[in-house]
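Heads up: the structure comes next, in structure tokens.
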Number of protein chains: 2
Amino acid sequence: MKNEDEPKDKRLKPADAQKLTMAEVAKYVGVSAMTVSRAFRQDASVSEETRKRIMEAVDALGYVLDLSAGSLSSRRSGFIAALVPSINNSNFSDTARGMTDALENTGLQLLLGYTDYSAEKEEELIEAMLRRRPEGIILTGGSHTARARRMLVKAGIPVVETWELPEDPINQVVGFSNSEAMSLLVRTLAGQGYRKFGYIGGTTARDTRGSQRRSGFQKTVEELGLGPGRMISFGVPPITMEQGGQAIVSLLERWPDTEVVLCVSDLSAFGAIMECTRRGMKVPRDIAIAGFGDYEISSICHPRMTTINVDCYGIGRQAAARLLDTLHTGEATGDEITLIGYKVVLRESTDRNGAPTA
Amino acid sequence: MKNEDEPKDKRLKPADAQKLTMAEVAKYVGVSAMTVSRAFRQDASVSEETRKRIMEAVDALGYVLDLSAGSLSSRRSGFIAALVPSINNSNFSDTARGMTDALENTGLQLLLGYTDYSAEKEEELIEAMLRRRPEGIILTGGSHTARARRMLVKAGIPVVETWELPEDPINQVVGFSNSEAMSLLVRTLAGQGYRKFGYIGGTTARDTRGSQRRSGFQKTVEELGLGPGRMISFGVPPITMEQGGQAIVSLLERWPDTEVVLCVSDLSAFGAIMECTRRGMKVPRDIAIAGFGDYEISSICHPRMTTINVDCYGIGRQAAARLLDTLHTGEATGDEITLIGYKVVLRESTDRNGAPTA
DNA sequence: CGTCAGGATGATATCGATAACAATTTCAGG
DNA sequence: CCTGAAATTGTTATCGATATCATCCTGACG
């Protein structure tokens, strides 16, 4: 081999004056790189004195740890991947917050990806995430492309599916039955005397939770002997507020005697309520409307909206907690299903007295 | 080669049968690892035939590229970090979408972090992101802790600050003046004859965009000779819908003759409108209300809301585009400021005729 | 005074890909 | 057929940290 006399370095990076490495910090302090590495971890054995000197040097030099190198050698990437359908949905953001909170002080970071309610996009994201070797992955829903599923299984990391109860879970599940939740809402309202039920949802099975809610609605209405529900499908999920408004107009044109309309989410329900109000109809006097999700808007809007409250934060928190369990025990104690609670929240928009609080 | 009978390893990874590397794929196909590596990139020169065979093997074996190894050696992490205050805010999610779109087909992935409107949280996130060596970073706002700023400068990667016009930019800026935008709204409404202005915002400077809007309001009201504005500060940013409702009650108790109330965001404005409606006041007949941001809710709610529309998507798209420019030219062509458009959207909630469309 | 446990630190191999350059093959054109 | 440029493929060193094991040191205790 060559000695390091002559060929110092011929290729010089452009304007890259600050390729500071651990070795340089080490030299600066007068210790080995290994000791610097140890100083960055709280479990490692380094004397307090040395650590202090190292950290001062780190500060002085402005050194920032390079995890991409570290994770290669330690085989721990230090992050958990989480895929949610939408960034702009307070239900999912509550879930994300739950995950972040549960991961606090674990040394694990959460990296979020957005699937836009698309299984293809989800597959792409799963691959992109797996390439960075996450230590675990949390998914929304239980429907994935075949290839996505294969990759997930092969990856050999804990997988948690959330927000649903998949028939054939990959690993762990933290969720609830969207179908039963919607069913509960139908039964509750039927118990209040409502008989003619309408439903507003999306057109495709793309939003699997939406489909489940719809089928829960349909099944229950029939079980109660209230005939087939009046369904309006409108647009590609997620349905917007505006589409909710358009949908209720169609629905009432077609079935003017509808008494109560359930919506796949609070957002479309809000659009429906506003549109009715705009057209001079009183909610709930002329038409009762309920949503799903208990978004902030539901308790603020006028009239306040009946909906299903789901423990979104709990989903995230539990999902991350189950993931951590699996990571710590080294092996899942069996692929469990963690059920998450939900409850009907009755508010003005379905009040039988028809008189919203003044 | 070795059988399972011989427990060669003392430390046994749990169920870790699949530590598939590029070298194994290469062996399987009968080429070198380098060729496999090339096959994964579209620019590299590999014969179509070889690439096909390699990709079939990748598929058959279920190999997933390991970027943590690749980025160490190539010194390219393949991602851009973006920090936003909140994931549950459609303005910022539009911005994020703009960034994602602009990065499409660039081989760069977007990693989002959310700061919760806290500079300390932002600092932590910046450090966490920098440890993974992003190729660029996009921030929301121009206020950062001193240490965060130091780290950013030292990192030697392009930095884009968005949504504001910082006095002392780190590098590039894509934003607008929140102060002037609010000022424009005040002038527009004053032009319609409004004289007694109220304002609802948060209590602290934590939300810098909020503070700028407030000062724009205050300054302009005084410039127009309309006396000091009637300000109600309520809660820690971001203000919720509910706080908007509470705030307007306080404001009207204190200054019952207020004609129009501007809010730091559409969300608080919405809460205010609903609360007024609930109390039997007509908007805008009894009180006019305007927001900021043009969220979906503003065009749906009843009455529809006057607000400022900002090109949120454009902010994201431009920010990413400027970042890519800098990456490609190798050096910024000067740290530019890219101005983003905004406009006043007049709707029913400030209609001087006072008669919301039936 | 010797021994040994255990903390602190260092030396070296290594994680899995890619950069850089070398070697080989292909093929057009003289 | 030969030559050289371009296309394809291989070899080796390396990216920057950490796992692992070796070494050194301190002090308690017989």
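Residue numbering restarts at 1 for every chain, and letters A, B, ... go by the order of the sequence lines. Note that the structure is a prediction, hence the values are computed from the model and not measured.
The CG-P distance, from Leu72(A) to dG16(D), rounds to 12 Å in whole Å. Leu67(B) places its CG atom 10 Å from the P atom of dA17(C), with the value rounded to the nearest Å. Distance, Met34(B) CE to dA23(C) P: 17 Å, rounded to whole Å. One can place CZ of Arg131(B) at 22 Å from P of dC15(D), the figure rounded to the nearest angstrom. Atoms CE (Met22(B)) and P (dC15(D)) sit 19 Å apart, rounded to a whole Å. Rounded to an integer number of Å, the gap from CZ of Arg53(A) to P of dA8(C) is 14 Å. Going from atom NZ of Lys52(B) over to atom P of dT8(D) covers 16 Å, rounded to whole Å. One atom, CZ of Arg132(A), and another, C1' of dA17(C), lie 14 Å apart when rounded to the nearest Å.
Considering only side-chain N and O atoms, Thr50(B) lies under 4.0 angstrom from the phosphate OP1 or OP2 of dT9(D). An OP1 or OP2 oxygen of dT14(D) is reached within less than 4.0 angstrom by no side-chain nitrogen or oxygen of Ser73(B). Listed pair Ser47(A) / dG7(C) fails the phosphate criterion, with no side-chain N or O lying under 4.0 Å from OP1 or OP2. Residue Thr35(B) places at least one side-chain N or O closer than 4.0 Å to OP1 or OP2 of dG10(D). Side-chain nitrogen and oxygen atoms of Arg41(A) include at least one within less than 4.0 Å of the OP1 or OP2 phosphate oxygen of dA19(D). Phosphate contact (OP1/OP2 of dG16(C), side-chain N/O of Arg75(A), threshold under 4.0 Å): present. Contact between the side-chain N/O atoms of Ser74(B) and the OP1/OP2 oxygens of dA17(C) is not found at any separation under 4.0 Å.
Separation of atoms CD1 (Ile170(A)) and CG (Leu152(A)) is listed at 4.5 Å; rounding is to 0.5 Å.
Relative to the six-membered ring of Tyr63(A), Lys154(B) misses at least one condition, a distance below 6.0 Å or an angle of at most 45° to the axis.
Among the atoms of the strands shown, none is found under 4.0 Å from any heavy atom of Ser71(A). Residue contacts for Thr21(A): at a heavy-atom cut-off of 4.0 Å it reaches the sugar-phosphate backbone alone, with no base atom in range. When heavy atoms are screened at a 4.0 angstrom cut-off, Val36(A) is found touching no nucleic acid atom at all. Using a 4.0 Å heavy-atom cutoff across all strands shown, Val31(B) reaches sugar-phosphate atoms only and no base atom.
The existence of a salt bridge linking Glu48(B) and Arg51(B) is confirmed by a sub-4.0 Å separation between a basic side-chain nitrogen and an acidic carboxylate oxygen. Using a 4.0 Å cut-off between a side-chain N of Lys or Arg and a carboxylate O of Asp or Glu, Arg131(A) and Asp66(B) do not qualify as a salt bridge. A salt bridge links Arg147(A) to Glu127(A): one of the charged nitrogens lies within less than 4.0 Å of a carboxylate oxygen. A salt bridge is absent between Asp59(B) and Arg150(A); no separation between the charged side-chain nitrogens and carboxylate oxygens falls under 4.0 Å.
Among the nucleotides dA17(C), dC21(D), dA19(D), the one closest to any side-chain atom of Ala69(B) is dA17(C). Of the candidate nucleotides dT8(D), dT9(C), dG16(C), dG16(C) has the atom lying nearest to any side-chain atom of Asp66(B). Among dT9(C), dA19(D), dG16(C), the nucleotide with an atom closest to any side-chain atom of Val46(A) is dT9(C). Taking only side-chain atoms of Tyr63(B), from C-beta outward, the nucleotide of dA17(C), dT20(D), dT8(D) with the closest atom is dA17(C).
Between the base of dG16(C) and the side chain of Arg133(A) there is no donor-acceptor pair shorter than 3.5 Å.
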